[in-house]
A.B. asks: 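Here you go, one structure.
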Amino acid sequence: MESNSISQPSPPLPTPWRSKSFSISRSVLTAFGAVLAGILPAFLYLSVGAWLGFIPRPHHQQIPAFQLLLAQIATYVPLAGYLLLVLPRLSGRSFRQLGIRRPKLRDLRAGVVGALIMWLVVTISSAILVVITNDHEPEAALQVLHELRPPFQTSVFTLVALVLAPLVEELLFRVFLFNAFARYFPIMLSALLSGLLFGIVHITSYGQLVTIGIPLALGGMTLALVYARTGCYWANVLTHGLFNSVTIVAYFVFHVDA
């Protein structure tokens, strides 16, 4: 194995942090702001849509899948803008120092290997937990995809899953939250904490807490370790996008929807 593979930091997570980087109070306020930046636009979109009549009110009937997808876009776009605005000031580091830089070949290789590891970790842990609990509810994204019909709608879903979601979620969970935890905790514990949050936000019901939440938390840990090893945001985007692409290919090519 080459010395610049994923098994060796290249470069390692930038340390030490400046004394005021990711202070607890400012990090908590930033996290609260991220919640507002993500939820409020989607809430406004759904509320205005219901008021204008092109989105049914939730208590009358289920919101159409494509409208939920557009609401997700309304969450991701302002959240990305907010994070790009506040992260350099919160961390006291440039975008390049935070890993938002041109990736090197070894970073891209690490991203590909990370995707394979993430797929194995999530798939194996999910299968084990389904056998143990005898209960498996499909992930929310798969439920939305199953309800989309026109090619335009499925194309928008694919674009969100392969591009927008990895771009924004890696900013939130790795560049922000993982770094914030790593300012105070060891790398493995920081990966665990950020991974748990990653798994939690992807569940939509209590029943998904074990069979979906735990495997995706382990997947989130894998993503955190890719970031810690490479120090490259784009390596994580590649890992995340390739992982999501497996679901897309399985659905459209092999008609697997659960």
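The model shown is predicted, which means the values in this text are computed figures rather than measured ones.
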A.B. asks: Measuring only between side-chain heavy atoms, which start at C-beta, is S23 closer than 4.5 Å to R26?
C.D. replies: yes
A.B. asks: How far does CD1 of I214 sit from CD1 of I200, to the nearest 0.5 angstrom?
C.D. replies: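 Taking CD1 in I214 and CD1 in I200, the distance rounds to 10.5 Å.
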A.B. asks: What's the spacing between L216 CG and L196 CG if we round to 0.5 Å?
C.D. replies: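 Interatomic distance, L216 CG to L196 CG, rounded to 0.5 Å: 11.5 Å.
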A.B. asks: Is it true that a side-chain atom of S125 and a backbone atom of V122 form a donor plus acceptor pair closer than 3.5 Å?
C.D. replies: yes
A.B. asks: Rounded to the nearest 0.5 Å, what's the gap from CG on L129 to CD1 on I212? Could you check?
C.D. replies: 11.0 Å
A.B. asks: Please name the pair of heavy atoms, one in V226 and one in G114, separated by the smallest distance, quoted to 0.1 Å.
C.D. replies: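 Taking every non-hydrogen atom into account, CG2-CA, 3.9 Å.
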A.B. asks: Is the ring pair H202/F173 parallel, tilted or perpendicular, if the boundaries are 30 and 60 degrees?
C.D. replies: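 Plane angle between 30° and 60°, so tilted.
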A.B. asks: Is there side-chain contact between I24 and Y184, with at least one heavy-atom pair below 4.5 Å?
C.D. replies: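 Yes. Closest side-chain heavy atoms under 4.5 Å.
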A.B. asks: Is there a donor-acceptor pair closer than 3.5 Å between any side-chain N or O of Q97 and the backbone N or O of S94?
C.D. replies: yes
A.B. asks: Any side-chain to backbone donor/acceptor pair from S190 onto A182? Under 3.5 Å, distance only.
C.D. replies: yes
A.B. asks: Ignoring hydrogens, what is the shortest heavy-atom contact between A34 and Y82? Give both atom names and the distance.
C.D. replies: N-CE2, 3.4 Å
A.B. asks: Within 45° of the six-membered ring axis of F198 and under 6.0 Å from that ring's centre, is NZ or CZ of R174 located there?
C.D. replies: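 Satisfied, under 6.0 Å and within 45°.
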A.B. asks: To the closest 0.5 Å, what do you measure between CZ (F178) and CD1 (I187)?
C.D. replies: 4.0 Å
A.B. asks: Report whether L164 and L145 are members of the same hydrophobic cluster (ILVMFWY, side-chain heavy atoms less than 4.5 Å apart, transitive linking).
C.D. replies: yes
A.B. asks: Find out if a path of hydrophobic residues (ILVMFWY) with successive side-chain heavy-atom gaps under 4.5 Å connects V113 to L105.
C.D. replies: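 Different hydrophobic clusters.
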A.B. asks: Measure the OG-OH distance between S194 and Y227 for me, rounded to the nearest 0.5 Å.
C.D. replies: 11.0 Å
A.B. asks: Under the criterion side chain to side chain contact (heavy atoms under 4.5 Å, CB included), which of V237, L162, L116, V112 is the partner of L242?
C.D. replies: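 Testing each of V237, L162, L116, V112 against L242, the sole residue satisfying side chain to side chain contact (heavy atoms under 4.5 Å, CB included) is V112.
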A.B. asks: If we ignore hydrogens and angles and just use 3.5 Å, is the side chain of R149 paired with the main-chain N or O of H146 as donor and acceptor?
C.D. replies: yes
A.B. asks: Transitively linked via ILVMFWY side-chain contacts under 4.5 Å: L167 with L79?
C.D. replies: yes
A.B. asks: Test side-chain contact (heavy atoms from CB on, under 4.5 Å) on R93 and N179; report intermediate values, then the result.
C.D. replies: CA-CA 11 Å; R93 290 178 175 270; N179 274 330; over 6 Å; no
A.B. asks: Taking the side chain as every heavy atom from C-beta outward, state whether I100 and W234 have any atom pair closer than 4.5 Å.
C.D. replies: yes
A.B. asks: Applying side-chain contact (heavy atoms from CB on, under 4.5 Å), run through L189 and F181 and close with a yes or a no.
C.D. replies: CA-CA 8 Å; L189 179 56; F181 288 130; over 6 Å; no
A.B. asks: Compare all side-chain heavy atoms of V175 with those of L83 and state whether any distance is below 4.5 angstrom.
C.D. replies: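 Of all side-chain heavy-atom pairs linking L83 with V175, none is under 4.5 Å.
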A.B. asks: Any side-chain heavy atom of L98 within less than 4.5 Å of one from Y233?
C.D. replies: no
A.B. asks: Out of curiosity, does F157 fall in the hydrophobic cluster containing V163 (side-chain heavy atoms, cut-off under 4.5 Å, transitive links)?
C.D. replies: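 Yes, one cluster joins them.
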A.B. asks: Taking T123's backbone N and O only, do any of them form a donor-acceptor pair with S126's side chain (distance below 3.5 Å, no angle check)?
C.D. replies: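 No; judged by distance alone, with no hydrogens or angles, the pair does not exist.
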A.B. asks: Going through the distances and angles, do F95 and L84 end up as a side-chain contact (heavy atoms from CB on, under 4.5 Å)?
C.D. replies: CA-CA 9 Å; F95 285 125; L84 290 173; 3.9 Å; yes
A.B. asks: Tell me, with the steps shown, if Q153 and L69 meet side-chain contact (heavy atoms from CB on, under 4.5 Å).
C.D. replies: CA-CA 9 Å; Q153 293 185 2; L69 181 61; 5.8 Å; no
A.B. asks: With a 6.0 Å cut-off (strictly less than), is the heavy-atom count around CZ of F54, excluding the residue itself, greater than 12?
C.D. replies: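 Check passes, neighbour count above 12.
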A.B. asks: I need the L193 CG to L197 CG distance, nearest 0.5 Å.
C.D. replies: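 The distance works out to 7.0 Å.
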A.B. asks: In this structure, would F152 and I73 fall into the same cluster of hydrophobic residues linked by side-chain contacts under 4.5 Å?
C.D. replies: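 In one cluster: yes.
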A.B. asks: I need the minimum non-hydrogen distance between T211 and D135, along with the two atoms involved.
C.D. replies: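 So the two residues come closest at CG2-O, 2.9 Å.
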A.B. asks: List the atom of M188, the atom of M221, and the distance in Å for their closest heavy-atom pair.
C.D. replies: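 Of all heavy-atom pairs spanning M188 and M221, the closest is CE-CE, 4.3 Å.
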A.B. asks: With the side chain counted from C-beta on, respond yes when Y76 and E169 share a heavy-atom pair under 4.5 Å apart, and no when they do not.
C.D. replies: yes
A.B. asks: So which heavy atom on S21 is nearest to which on S91, and how close?
C.D. replies: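 It is OG-O, 2.6 Å.
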A.B. asks: Shortest non-hydrogen contact from R101 to K104?
C.D. replies: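 Answer, listing the atom of R101 first, then K104: NH1-N, 4.3 Å.
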A.B. asks: Is there side-chain contact between L90 and F22, with at least one heavy-atom pair below 4.5 Å?
C.D. replies: yes
